[in-house]
Amino acid sequence: MVDVLQNYGLYYLIGQYPNGPLGGLALTLLLAAAGLVLAVPVGVIFGLCRTSPFAVLRLPVTALVFAVRGTPLLMVIFWAYFLLPSVTGHRTDQFGTMLVSLVIFDAAYLAEIVRAGIQGLPRGQMETARSLGLSYMEAMFKVILPQALRNMLPSLLNQLVSTIKETSLGYIISLPELSFIAGQISAQVVSKSVEVYVMLGLSYFLMCFALTRSAFTLEKRLAIRTASSKV
């Protein structure tokens with residue numbers, strides 16, 4: 001493994017950059033972060049629609065969320081890969097295709113996190129806010145949503161863990177993310193394929209473990225803060 005890192009370490013980390021496209025570990029982290037950042041506002045909007053008293057908003061979004069959540073990410077990638085060129089009029093690159101797929105897929109799951117966060121708050125808070133003269137939207141954005149989002153932070157970190165692992169499916173459209181780069185290295189050093197894929201597994205494990213521990217720590221701190229505020 002040491003020999004592989006010495007010979008291909010830079011390629012594993014950043015791909016062909018700066019003499020070619022960015023890839024490897026750097027692209028995986030960039031894609032996961034960008035996907036989640038873009039998916040959060042979409043997921044919040046979907047979550048608000050899922051809890052809306054207006055059926056014209058709630059029903060279509062509910063159907064969309066159920067359809068995406070019931071579909072493998074692989075199928076969403078294929079849809080984006082073949083549908084986007086017909087919509088945009090030109091062929092979308094691998095990064096754009098994968099980013100759109102992650103945003104759509106993660107937004108559906110984040111919508112359920114937002115819905116659960118909102119519905120997990122005491123019902124009296126909405127009623128109290130409305131009794132103070134706030135409209136439904138004002139009460140939602142000024143009272144309910146800030147509390148729900150704070151309680152959702154650990155879930156958002158866990159969703160980032162899932163997104164990091166989901167980026168590996170970019171392999172099927174030749175996106176030079178971490179697993180694709182590992183495959184390229186393995187093809188060049190066939191005798192050390194085991195070491196290459198052990199290194200790949202360790203890379204995913206370390207990233208996901210660090211984020212999981214961060215989510216656990218954040219969840220404990222939020223629980224302590226919530227308990228202290230009730231005293």
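Counting from 1, the numbers follow the sequence of the chain as shown. Values below: every heavy atom of this structure, side chains too, minus hydrogens, waters and symmetry copies.
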Give me the one residue out of L102, L175, V76, I77 that meets side-chain contact (heavy atoms from CB on, under 4.5 Å) with L169. I77
Using the side-chain contact (heavy atoms from CB on, under 4.5 Å) definition, which of the options V42, L156, V44, V103 pairs with L110? L156
From [X] [atom1] over to [Y] [atom2], what is the distance, rounded to the nearest 0.5 angstrom?
{"X": "S214", "Y": "L160", "atom1": "OG", "atom2": "CG", "result": "10.0 Å"}
{"X": "I173", "Y": "F78", "atom1": "CD1", "atom2": "CZ", "result": "9.0 Å"}
{"X": "L153", "Y": "I113", "atom1": "CG", "atom2": "CD1", "result": "11.0 Å"}
{"X": "L73", "Y": "D106", "atom1": "CG", "atom2": "CG", "result": "8.0 Å"}
{"X": "S203", "Y": "I164", "atom1": "OG", "atom2": "CD1", "result": "11.5 Å"}
{"X": "D93", "Y": "M98", "atom1": "CG", "atom2": "CE", "result": "13.0 Å"}

Apply side-chain hydrogen bond (donor to acceptor under 3.5 Å, both in side chains) to residues S179 and E177 and explain how you reach the verdict. CA-CA 6 Å; S179 59; E177 43 72 48; 2.6 Å; yes
Could I get the full list of side-chain contact (heavy atoms from CB on, under 4.5 Å) partners for [X], not counting sequence neighbours?
{"X": "A139", "answer": "M126, A129, R130, L134"}
{"X": "A26", "answer": "I14, L22"}
{"X": "A80", "answer": "L84, T97, S101"}

Side chain proximity check, [X] to [Y], heavy atoms < 4.5 angstrom:
{"X": "L178", "Y": "S168", "answer": "no"}
{"X": "Q184", "Y": "Y11", "answer": "yes"}
{"X": "R69", "Y": "F105", "answer": "no"}
{"X": "Y109", "Y": "S162", "answer": "no"}
{"X": "Q119", "Y": "R115", "answer": "yes"}
{"X": "M207", "Y": "L29", "answer": "yes"}
{"X": "V161", "Y": "L157", "answer": "no"}
{"X": "I118", "Y": "M140", "answer": "yes"}

Residue pair E138 / S135: nearest heavy atoms and the distance that separates them: OE1-N, 3.0 Å
Do you know which two heavy atoms are closest between V65 and A111, and how far apart they sit? CG2-CB, 4.1 Å
Should [X] and [Y] be counted in the same cluster of Ile, Leu, Val, Met, Phe, Trp and Tyr side chains packed under 4.5 Å apart?
{"X": "L74", "Y": "V68", "answer": "yes"}
{"X": "F209", "Y": "L202", "answer": "no"}
{"X": "L121", "Y": "M137", "answer": "yes"}
{"X": "F216", "Y": "L211", "answer": "no"}
{"X": "I104", "Y": "M75", "answer": "yes"}

Yes or no on side chain to side chain contact (heavy atoms under 4.5 Å, CB included) for L99 and L31, after CA distance, side-chain angles and deciding distance? CA-CA 7 Å; L99 183 60; L31 184 60; 4.1 Å; yes
Does anything in residues 31-68 form a ring pair (Phe, Tyr, Trp, His ring centres under 6.0 Å)? List the pairs, not counting sequence neighbours. none
Residues 153-195 vs ring pair (Phe, Tyr, Trp, His ring centres under 6.0 Å), sequence neighbours excluded, gives Y171-F180
Assess whether side chain to side chain contact (heavy atoms under 4.5 Å, CB included) is satisfied between T71 and W79, documenting all intermediate values. CA-CA 11 Å; T71 304; W79 289 343; 3.8 Å; yes
Evaluate L48 against F141 for side chain to side chain contact (heavy atoms under 4.5 Å, CB included), listing each step before the verdict. CA-CA 10 Å; L48 291 174; F141 281 98; 3.7 Å; yes
Side-chain donor or acceptor of [X] paired with backbone N/O of [Y] under 3.5 Å:
{"X": "T217", "Y": "R213", "result": "yes"}
{"X": "Q147", "Y": "V143", "result": "yes"}
{"X": "S131", "Y": "T128", "result": "yes"}

For side chain to side chain contact (heavy atoms under 4.5 Å, CB included), just list the numbers for R50 and V114, CA-CA rounded to whole Å, side-chain angles, deciding distance to a tenth of an Å, and then say yes or no. CA-CA 9 Å; R50 288 275 286 116; V114 173; over 6 Å; no
Please determine whether the number of non-hydrogen atoms from other residues, nucleotides or ligands lying under 6.0 Å from atom OH of Y197 exceeds 12. yes
Taken in chain and number order and not counting sequence neighbours, the residues that satisfy salt bridge (charged side-chain N to carboxylate O under 4.0 Å, His left out) with E166 are none
